Structures are given as C-alpha cells and as structure tokens.
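Keep in mind it's a predicted model, so treat the numbers as computed, not measured. So you know, we letter chains A, B, ... as the sequences are listed, proteins then strands, and number each from 1.
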2 protein chains.
Amino acid sequence: MPTFTHRIYNFNAGPAMLPTEVMEEAKSEFLNFKGTGMSVMEMSHREKHFQTILDESIADLRELLNLPSRYAVVYFPGGATLQFSAIPFNYLESGDSADFALTGVWAKKAFEEAKKFYPNAKAIFNGADSKYMELPTITDASVNDGAKYVYITSNNTIYGTRYKTFPKLKKAPLIADMTSELLSRKLPIEDFSVIFAGAQKNIGPSGLTLVIYDKEKLPQVSHPIPNLMNFALMEKNGSLYNTPPTYSIYMAGLVFKYLKRNGGLTVMEETNERKAKKLYDAIDASSLFYAPVPEAFRSAMNVVFRSHNDDLDSKFLALAEEQGFAGLKGYRDVGGFRASIYNAMPEEGVDALVSFLKEFERTHG
Amino acid sequence: MPTFTHRIYNFNAGPAMLPTEVMEEAKSEFLNFKGTGMSVMEMSHREKHFQTILDESIADLRELLNLPSRYAVVYFPGGATLQFSAIPFNYLESGDSADFALTGVWAKKAFEEAKKFYPNAKAIFNGADSKYMELPTITDASVNDGAKYVYITSNNTIYGTRYKTFPKLKKAPLIADMTSELLSRKLPIEDFSVIFAGAQKNIGPSGLTLVIYDKEKLPQVSHPIPNLMNFALMEKNGSLYNTPPTYSIYMAGLVFKYLKRNGGLTVMEETNERKAKKLYDAIDASSLFYAPVPEAFRSAMNVVFRSHNDDLDSKFLALAEEQGFAGLKGYRDVGGFRASIYNAMPEEGVDALVSFLKEFERTHG
C-alpha cells in the first residue's frame with residue numbers, strides 16, 4: 001500500500017472526495033466551533049447554533065437550485081435506500097400503480113422495494129437488454145394509465161449513464177433519484193414532483209439524504225407511514241422530528257457555501273462538462289481504452305471505461321493507486337474502470353488522469 | 001454569547017460531549033487518514049480501509065459488552081426513532097400484541113408507532129401518574145398473555161430516571177431502548193432479546209444506531225419489511241446493505257478503543273456512579289436546588305434538578321453558560337435543569353459544576 005503525505009485525486013464513486021477547502025474549514029473548527037467550546041458534532045440539535053447551521057444550509061440550497069416556495073427541502077437520515085421505501089408509502093394507496101424506468105441496480109432496487117408493498121408497480125423500461133448502456137426516452141405516451149408517478153434514476157453511477165435532458169410529463173408526476181448528480185448541473189425543478197439524493201457524492205458525508213418535493217403534489221394517504229419516512233411529518237418538524245445527522249448537515253452546509261462562492265450550478269455545470277469531455281475525448285482517442293456507453297447517454301459524473309486487454313487491468317489499477325489516483329476500479333458487478341469526477345474533483349485531477357492514461361498506453365499499449 | 005478559546009464542560013443531553021482525546025485523534029487524521037491521502041469521510045465503504053474500521057469497531061464493541069456469539073451487532077442509520085418502527089415490523093405478525101412500559105416521551109413514541117401498525121400493542125405501565133418520576137418493577141406477572149415482547153426504555157433522558165436493575169423475564173423476550181446509557185455500565189445482556197441505542201450520547205455522532213439482537217430469537221415474519229428496517233437483511237450484509245454513515249461508524253470505533261484503553265465498562269460504571277453521586281449529593285445538600293426523582297430511580301447519566309426559586313432559573317443558566325457550563329437547561333416540556341454526564345464528561349467537569357452550584361447558592365440562595 002502506498003502512503004501519501006498529501007491529499008490525492010480520489011475518484012471514488014461515493015462516499016467521495018469533498019472539496020479540500022471545505023475539509024480544511026471543518027478541520028479548523030473540529031474541536032471548537034466558532035468559540036462555542038465544542039464541536040458541531042457535540043452540539044444539541046435544539047440549540048440556536050445548530051438551528052442556524054440548518055437554516056442557512058437550506059436557504060443556500062434553495063438559492064443554488066432556485067427553488068420555488070412550493071418545494072419543501074427536508075433532510076432525512078438513512079440514505080437513498082430509505083427513500084426507496086418512503087416514496088411508495090407517501091405517494092401510493094393500496095392497489096395503486098407507479099411506473100419505473102429500470103436503468104440499473106438502483107432503479108431495480110427501488111422498483112422491487114415498491115413492489116413488495118404495492119404489487120401493481122410496473123416497469124416501463126428494462127435496460128438489461130442493453131446491459132444498462134442505454135436510457136429510455138420517456139414521454140406521456142410511455143406512461144401507463146393510472147400510474148401515480150413515474151420513477152427514474154437520473155444518473156446511473158454504476159454504468160456511467162445519465163439523462164442528458166429530463167422527461168417532461170403531463171400524465172403523471174416525475175420522481176427522480178438524483179443521488180449521483182444533484183448539484184452538478186442546473187435542473188428544471190418544476191418538471192419534478194420529488195427529487196432526492198444521498199449526500200455522499202456531491203453533498204457531504206454518507207448517512208444523510210436530501211429530499212425536495214412539491215408540497216402541492218403530496219397526496220394524503222389513508223394508511224400509516226413509519227415516522228421517519230413520513231414526508232409531511234418530517235417537513236412540519238423542519239427536519240428535526242428526531243435527532244438528525246447533525247454533523248453531516250453541517251458538512252453539507254459548508255459544501256453549499258463553497259458552491260455559492262464558486263459560481264453556483266452554472267459554473268459547476270460548465271466545469272463538469274469540460275472535465276467529462278476531456279476524459280471521454282482521451283478515452284475515445286485511445287487504442288487501449290474505450291468507453292462502452294454511447295455518447296448520448298454518457299454521464300458527466302461517472303466516466304466508465306475499459307481496456308481492450310483485460311490482462312492489464314490489475315496492473316493499471318495498481319500503478320494508478322501508486323501514483324495517487326484512487327478509486328478507479330469499476331463497480332463489482334461490472335468490472336473495468338470508473339472515474340467519478342464529482343464537483344469536488346478539480347480539473348487538474350482530470351488533466352492528471354488523462355496524462356496518466358496516455359503514459360500507461362505508451363508504456364503498455 | 002460568551003466565546004471560548006478552550007473546550008468547555010458540555011452537559012448537553014445529546015448530541016453530547018465526546019472524549020477530547022478522541023476528537024483530537026479524529027482531527028489529526030481528518031484530511032488524510034493514515035497516509036491514504038483522503039479523509040475517512042471520503043472513503044468508499046466497499047474498500048479495505050473502511051472494512052477494517054468497521055470490523056474493528058464491532059470486535060471492540062463485542063469485547064466491551066462481552067457479547068455471546070448468538071448476538072448480532074448491526075449499525076443502522078436513522079436514529080432510535082427508526083427502530084421504533086423497525087422492531088414491531090421484525091417481531092410482530094398482524095394481530096400480535098406486545099407490552100410497553102411507558103416511562104416517558106420516548107417509550108410513548110415507540111408505543112404509538114407500534115400501535116399504528118399493530119393495534120393490539122398494550123401499555124403495562126403508565127408513568128404519567130408520577131409525572132414520569134417513577135419506574136415500574138416488571139416481572140413475569142406484569143406480562144400480558146400472548147405478548148410477543150416487553151419493551152422498556154432503560155434510561156429516560158428527559159426525566160433522569162433509569163432501571164437500576166433490569167427485569168428478568170421468562171414469559172416474553174425483553175427489548176430495550178438504551179440510547180442514553182449503553183456503554184455507561186455493565187449489562188446482563190442475556191436478559192435481553194434486543195437492545196438498541198442512538199449513537200449521540202455515549203457512542204458517537206448522531207444519525208447512527210447500534211442494534212444488538214439475539215439471532216436465535218428473531219422470528220421469521222410473513223409480511224414484507226422495508227429493507228432499511230430488516231434486521232436479518234442488514235445483519236447478513238454486515239451493516240453494508242446500503243452506504244452506511246461511514247464517518248459516524250469511524251467515530252464510534254474511536255470511542256470504543258478509548259473505552260478499552262480506559263478500563264472498559266467496569267471502570268466506566270465505577271466512574272459514572274461516583275460522578276452521579278457527587279452531583280446528587282450536592283443537590284440533596286442544597287437548600288436552593290433539589291432533585292425531583294426518588295433515589296431508587298435516579299439516572300447516572302442525566303441528573304435532573306430544579307430550583308426552589310424559579311425566578312433565578314434564567315440567571316442560573318446565563319451565568320453557567322458564561323462560565324463554560326453548557327447544556328444545563330432542562331428538556332423543553334419539563335423545564336428546570338439537567339446535567340448530562342455521559343462517559344465523556346470528565347470527573348473534573350462534575351467537580352467544577354458542584355463548585356459552581358455551591359457558589360451560585362452562596363451568592364443567590
């Protein structure tokens with residue numbers, strides 16, 4: 001195992017790299033937050049210091065996303081997986097149906113979880129035929145009669161695919177798992193009824209989930225909902241129905257301020273598109289590496305690539321690790337390589353990876 | 001607002017003070033964990049570094065509690081509140097009943113949550129009559145026929161009560177919410193079927209919950225359980241069914257190592273009993289302050305006290321805050337004062353608080 005005295009380029013898919021300046025800020029007040037004599041981690045969630053942290057983080061997020069007031073912003077614990085259960089509980093009555101676009105592992109998990117409680121849930125697309133390399137074009141014509149919502153995974157971390165443009169639906173509300181891309185680009189929020197994202201990609205530490213939903217489109221269901229899955233209850237209590245993951249909210253708040261300082265989502269989107277293009281261009285120009293995802297569906301967050309010579313894979317990963325490029329191994333079920341280049345990955349990191357790919361090809365190609 | 005350049009005595013009920021040496025250790029590797037070039041917060045939960053952190057934390061916890069192998073240890077997200085829903089889902093079939101001892105807000109919340117889904121849940125004790133100042137003696141004779149389990153809150157943070165000794169039952173398994181006292185004293189684990197604890201008192205940051213359960217007593221229920229509430233599923237996946245709150249698990253692991261270095265639960269229990277006695281003795285000897293909880297039920301973690309002169313309350317709290325005694329305000333529904341003196345509160349902190357109480361009484365009594 002190589003050891004480093006400096007911070008390296010961390011291409012992990014999530015939990016993932018956080019901006020170094022955010023980490024330094026958190027470190028500087030880790031033992032004593034702004035003269036309180038304690039860490040944010042040790043602070044009561046009912047006191048004014050934490051309330052200010054919470055309120056500012058939500059105000060900053062609303063500003064970054066330019067959220068209309070009818071959208072609620074709620075912090076949930078538990079990761080996106082809890083929302084796989086919570087969304088059907090909040091949006092479906094017994095016997096209701098909803099439509100799912102199965103574009104990968106996470107969409108399938110969400111679908112299976114919904115079906116456990118609402119057996120009429122339906123798949124309107126199955127990406128298995130294309131090995132999840134393609135995404136559907138979803139229009140009102142795709143939506144089953146009676147579907148209470150349409151569910152998509154906007155960016156598929158494992159396969160490196162994303163919807164370049166989002167469905168615009170009139171027939172049913174759109175719900176999206178945006179875990180691996182929220183805050184990486186601008187968003188036509190009014191096209192969505194619910195978006196949610198586990199924090200561990202572009203937001204902060206794992207164990208925290210952001211849920212943003214249109215309050216006017218939240219139905220009143222007739223069955224009980226477990227409290228920590230209940231959108232209305234959590235919203236009414238300002239994300240403080242129970243003790244929330246306070247430190248993770250604090251870190252998310254620091255990240256939101258960092259994004260605001262650095263030009264907001266307009267700049268993030270430009271930078272991320274440029275970073276992704278540099279990397280895909282280098283891979284497309286290579287005779288050793290290739291990108292399996294068709295251009296139309298390529299993610300700007302998770303760049304999946306492979307080598308034409310599988311024998312070199314472990315050598316490539318070992319050399320990358322040695323030179324300070326971490327987390328390039330592809331998802332366990334997929335193999336190959338993946339470079340996750342979230343907001344926090346500086347453009348220099350992508351440039352360095354491009355150079356490393358070229359050098360590896362020169363010496364091993 | 002006073003500001004401090006040093007860490008103060010933090011009597012918050014939770015999130016609560018963590019050991020300063022643990023905080024310093026975490027700070028020292030906040031930007032670069034053991035030469036990996038990244039923070040634990042930025043590490044994949046599927047990589048060996050984090051797996052080692054997770055495995056060691058569970059091994060250390062097992063050692064601290066001297067857990068028999070038939071007890072599973074699982075990290076859940078979501079706080080104890082998620083367990084209020086999860087336990088009935090895992091242990092009850094439709095129509096089943098369970099018995100709840102209502103010793104305070106948290107027991108009532110757990111009871112109400114169970115009743116939403118299992119209307120036959122029953123209260124076997126209602127502390128409202130004593131304003132929650134007393135706890136029941138629960139024996140097999142207290143247990144309703146057919147009850148699938150008996151549920152208690154072992155330490156009631158708000159009222160400052162605890163079971164000095166635990167019920168020993170043959171008629172039904174015992175389940176305990178130990179959020180505010182787990183790891184503060186030795187435990188006859190074999191008397192329990194399930195114990196669980198939100199981390200934010202004696203374990204680590206909020207947003208993490210420890211669940212310890214007897215695998216041989218976990219029933220196979222016939223209905224679906226939301227994945228993040230499913231004990232068997234979470235256990236089978238070694239707390240990695242989804243992305244767990246990785247940083248909080250790391251912090252918990254540091255706390256467990258700190259407890260082991262410092263004599264384990266035997267020493268913790270002795271120290272905590274001594275700290276609590278000093279504080280209760282000072283309050284009992286005071287003519288200004290008094291402790292409302294009868295001696296038999298007094299918590300060693302949350303020392304609740306009041307003043308005979310309510311007019312002085314806000315002055316007391318302001319002066320305390322100024323002098324670096326934080327978090328002494330009683331729970332919002334109860335008023336008065338509360339000093340939470342978890343493992344991380346050094347004995348010097350209690351000594352300093354005792355001196356402050358005496359000095360306040362001398363100058364204001």
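Taking each heavy atom of B:Thr81 and A:Leu228 in turn, the nearest pair found is CG2-CG, 3.8 Å.
Heavy atoms closer than 4.5 Å to chain A are found in the backbone of B:Pro244, but not in its side chain. Looking at B:Met38, the atoms closer than 4.5 Å to chain A (heavy atoms on both sides) sit in the backbone and in the side chain alike. If you measure heavy-atom distances from B:Ile225 to chain A, the contacts under 4.5 Å come from the backbone alone. Of the two parts of B:Ala26, the backbone and the side chain both hold a non-hydrogen atom closer than 4.5 Å to a non-hydrogen atom of chain A. For chain B, no part of A:Glu112 is nearby; none of its heavy atoms comes within less than 4.5 Å. Only the backbone of A:Met43 comes within contact range of chain B, with at least one heavy atom under 4.5 Å from a heavy atom of that chain. Within the 4.5 angstrom heavy-atom criterion, atoms from both the backbone and the side chain of A:Thr3 approach chain B. Looking at B:Glu47, the atoms closer than 4.5 Å to chain A (heavy atoms on both sides) all sit in the side chain, from C-beta outward. For B:Phe89, the part lying near chain A is the side chain, with the backbone staying farther off; criterion is any non-hydrogen pair under 4.5 Å. In this structure, chain A has heavy atoms under 4.5 Å from both the backbone and the side chain of B:Ser39. In this structure, the portion of B:Lys48 lying under 4.5 Å from any heavy atom of chain A is its side chain and not its backbone. Looking at B:Ser44, both its backbone and its side chain come within 4.5 Å of chain A, counting heavy atoms on both sides.
A salt bridge is absent between A:Glu29 and B:Lys27; no separation between the charged side-chain nitrogens and carboxylate oxygens falls under 4.0 Å.
Interface check for chain B: of the options A:Met251, A:Glu113, A:Lys329, the most heavy-atom pairs under 4.5 Å are formed by A:Glu113. No other option in B:Gly35, B:Ala326, B:Gly198, B:Pro77 has as many heavy-atom pairs under 4.5 Å with chain A as B:Gly35. Heavy-atom pairs under 4.5 Å with chain B peak, among A:Ala199, A:Ala16, A:Gly79, at A:Ala16. When the candidates A:Thr36, A:Ile8, A:Thr5 are compared by the number of heavy-atom contacts under 4.5 Å with chain B, A:Ile8 comes out ahead. Among B:Pro2, B:Gly78, B:Gly207, B:Gly327, the residue with the largest count of heavy-atom pairs under 4.5 Å with chain A is B:Gly78. Interface remark: of the candidates A:Phe50, A:Tyr241, A:Phe76, A:Tyr241 forms the most heavy-atom pairs closer than 4.5 Å to chain B.
Counting heavy atoms from C-beta outward, B:Gln200 and A:His45 have side chains that stay 4.5 Å or more apart. B:Pro15 is listed as a side-chain neighbour of A:Thr243, based on a closest heavy-atom distance under 4.5 Å. For the pair B:Leu31/A:Arg7, a side-chain contact is recorded, criterion being any heavy-atom separation below 4.5 Å from C-beta on. Considering only heavy atoms from C-beta on, B:Leu82 comes within 4.5 Å of A:Leu82 through its side chain. With contacts defined as side-chain heavy-atom distances shorter than 4.5 Å, the pair B:Pro205/A:Met41 qualifies. Side chains of A:Arg332 and B:Arg46 form a contact here, defined as non-hydrogen atoms less than 4.5 Å apart. With a 4.5 Å cut-off on side-chain heavy atoms, B:Lys109 and A:Asn242 do not count as touching.
Without hydrogens or angle criteria, A:Asn32 side chain to B:Phe4 main chain gives a donor-acceptor distance under 3.5 Å.
When only modelled atom types and interatomic distance are considered, A:Thr246 and B:Ser206 share a side-chain donor-acceptor pair under 3.5 Å. Judged purely by distance below 3.5 Å, without hydrogens or angles, the side chains of A:Lys116 and B:Asn227 pair a donor atom with an acceptor atom.
Atom CG of B:Leu18 is separated from atom CD of A:Glu42 by 5.0 Å, given to the nearest 0.5 angstrom.
Note on ring orientation: taking the six-membered ring where Trp is involved, the planes of A:Phe30 and B:Tyr247 are perpendicular (angle over 60°, cut-offs 30° and 60°).
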